[in-house]
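To start, the structure itself, in structure tokens.
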Amino acid sequence: MALPTLTPEQRADALAKAAEARKARSELLASIKAGKVSIGEVLKKAKEDKTIGKTKVPQLLKAVPGLGAVKVAALLEEAGIDPDRRAAGLGDRQREALIAALK
């Protein structure tokens, strides 16, 4: 399937929208890292909040202080979550398993 040809205005709008999404995601990860919001709160809001929902779960978990790539991989495997899964795609059991493992 070929990509549609965009006008310069459409392209500029798409680039601005993408930059805004990256900025929002960066702010979210910074607030998790700073301890302003807990990962439990973030995961519970994943279905309603577009920014959270489109963020990959490993990226969210790596923002938690004390969790690195190895611990995140172990948590995901223990909870049965694919590393490519986005937050909005988590099932209730997967979400609860992650929250319980992080307490």
Tell me which one of Leu29, Ile39, Val72 satisfies side-chain contact (heavy atoms from CB on, under 4.5 Å) with Val64. Ile39
d(Lys44 NZ, Asp92 CG) to nearest 0.5 Å is 11.0 Å
Compare all side-chain heavy atoms of Leu28 with those of Asp49 and state whether any distance is below 4.5 angstrom. no
More than 12 heavy atoms of other groups within 6.0 Å of Lys47 NZ: yes
Between Leu67, Leu76, Asp84, which is the residue that forms a side-chain contact (heavy atoms from CB on, under 4.5 Å) with Pro58? Leu76
Only counting residues at least two apart or in another chain, list the ones meeting side-chain hydrogen bond (donor to acceptor under 3.5 Å, both in side chains) with Arg25. none
Side-chain donor/acceptor of Gln94 to backbone N/O of Ala79, under 3.5 Å: no
Looking only at heavy atoms, which two atoms of Leu43 and Ala87 are closest? And how far apart? CD2-CB, 4.5 Å
Counting C-beta onward and ignoring hydrogens, is there a side-chain heavy-atom pair between Val42 and Thr55 closer than 4.5 Å? no
Looking at Glu96 and Arg93, would you say the former's side chain and the latter's main chain have a donor-acceptor pair under 3.5 Å? no
Report yes if some heavy atom in the side chain of Val57 is under 4.5 Å from a heavy atom in the side chain of Arg86; otherwise report no. no
Keeping the roles fixed (side chain from Gln10, backbone from Thr7), state whether a donor-acceptor pair exists under 3.5 Å. yes
State plainly whether the residues Arg85 and Asp82 are in salt-bridge range, i.e. N to O under 4.0 Å. no
Any side-chain heavy atom of Leu98 within less than 4.5 Å of one from Arg95? no
For residues Pro65 and Lys33, report the shortest heavy-atom separation together with the two atoms involved. CG-O, 3.4 Å
